[in-house]
Amino acid sequence: MNLSKKVFALGVVITVTCGLCAYAENITKFSSKFVKHFKDCEPYQETITSNFEGNTFTTDRKILGWSNGYCKYEEVVKTTDESYKLNCRFAALQVDDLYDSMKSKSKDIDSYGLETFMEKTDEKTGKTTFVSNGITTIKGNAAYITWAKYQNNPYFCKPEKLK
């Protein structure tokens with residue numbers, strides 16, 4: 001399994017949003033324009049490129065705006081070998097939580113028990129649900145942990161492999 005698959009398996013967010021800017025330090029940084037637009041879920045898009053262990057990651061972050069009471073957010077992460085997309089929807093409470101974490105200037109590193117999930121398909125109905133796959137400990141700043149908490153929860157964000 002190559003590096004990007006390993007990182008993705010641990011949690012899309014750890015690779016996708018929360019670490020590509022400064023993955024090795026587990027400190028997530030967002031541009032002031034992104035933070036300003038995210039506060040009110042105003043449409044905005046930015047692309048960042050970063051390197052981790054010799055791999056180049058390109059992350060395209062898109063705030064799509066409000067729809068049916070949810071802030072729609074999309075993120076695409078590309079490496080030379082693979083591409084993943086996260087389709088997220090956040091209620092106002094989650095938007096506020098994420099915004100507050102991005103405003104924090106603290107670089108303090110905390111530990112957090114991140115619950116991971118896996119898909120489970122009912123053999124009779126074919127319906128897919130998500131079940132807890134355990135807890136993994138992550139370390140990072142407030143933004144890193146908060147984004148990881150939501151992006152790794154399939155009830156907020158759904159990952160999709162693009163290639």
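Keep in mind that the numbers below use all heavy atoms, side chains included, and drop hydrogens, waters and symmetry copies.
S111 and T137 make their closest contact through CB-CG2, 4.2 Å (heavy atoms, listed as atom of the first residue, atom of the second, distance). Considering every non-hydrogen atom in both I63 and C71, the closest pair reads CG2-SG, 4.3 Å. The minimum heavy-atom distance between N87 and E160, with the atom names listed, is ND2-OE1, 3.5 Å. A142 and S101 make their closest contact through O-CB, 3.7 Å (heavy atoms, listed as atom of the first residue, atom of the second, distance). When all heavy atoms are compared, the tightest approach of I109 to N141 is CD1-N, 4.0 Å. For L86 against C157, the heavy-atom pair with the smallest separation is CD2-CB, 3.9 Å.
Using a 4.5 Å cut-off on side-chain heavy atoms (C-beta onward), N152 and T116 make no contact. I138 is listed as a side-chain neighbour of I145, based on a closest heavy-atom distance under 4.5 Å. The shortest side-chain heavy-atom distance between Y44 and E46 falls under the 4.5 Å cut-off. Two residues are said to be in side-chain contact when any heavy atoms from C-beta on lie closer than 4.5 Å; N68 and R89 fail this criterion. A 4.5 Å side-chain heavy-atom check between Y73 and L98 finds every atom pair outside the cut-off.
The distance from atom NE2 of H37 to atom OG of S32, rounded to the nearest 0.5 Å, is 10.0 Å. To the nearest 0.5 angstrom, Y112 atom OH is 8.5 Å from T146 atom OG1. Once rounded to the nearest 0.5 Å, the distance linking SG of C41 with NZ of K72 reads 10.0 Å. Atom CG of D100 and atom NZ of K39 lie 10.0 Å apart (nearest 0.5 Å). Atom CZ of F57 and atom OG1 of T80 lie 9.0 Å apart (nearest 0.5 Å). Atom CG of D110 is separated from atom OH of Y144 by 12.5 Å, given to the nearest 0.5 angstrom.
For K62, the salt bridge (charged side-chain N to carboxylate O under 4.0 Å, His left out) partners are E74, not counting sequence neighbours.
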Step-by-step side-chain hydrogen bond (donor to acceptor under 3.5 Å, both in side chains) determination, E115 to S132: CA-CA 7 Å; E115 185 174 16; S132 180; 2.9 Å; yes
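The aromatic rings of F34 and W147 lie tilted to each other, with the angle between the two planes from 30° to 60°.
Few gaps surround CZ on F156; more than 12 heavy atoms of other groups in view lie less than 6.0 Å from it. Remark: K158 NZ is packed, more than 12 non-hydrogen atoms of other residues, nucleotides or ligands lying under 6.0 Å away.
When only modelled atom types and interatomic distance are considered, Y84 and E82 share a side-chain donor-acceptor pair under 3.5 Å.
The backbone N or O of Y155 lies less than 3.5 Å from a partner atom in the side chain of N153, making a donor-acceptor pair.
Transitive grouping of hydrophobic side chains (ILVMFWY, heavy atoms separated by less than 4.5 Å) keeps L64 and Y150 in distinct clusters.
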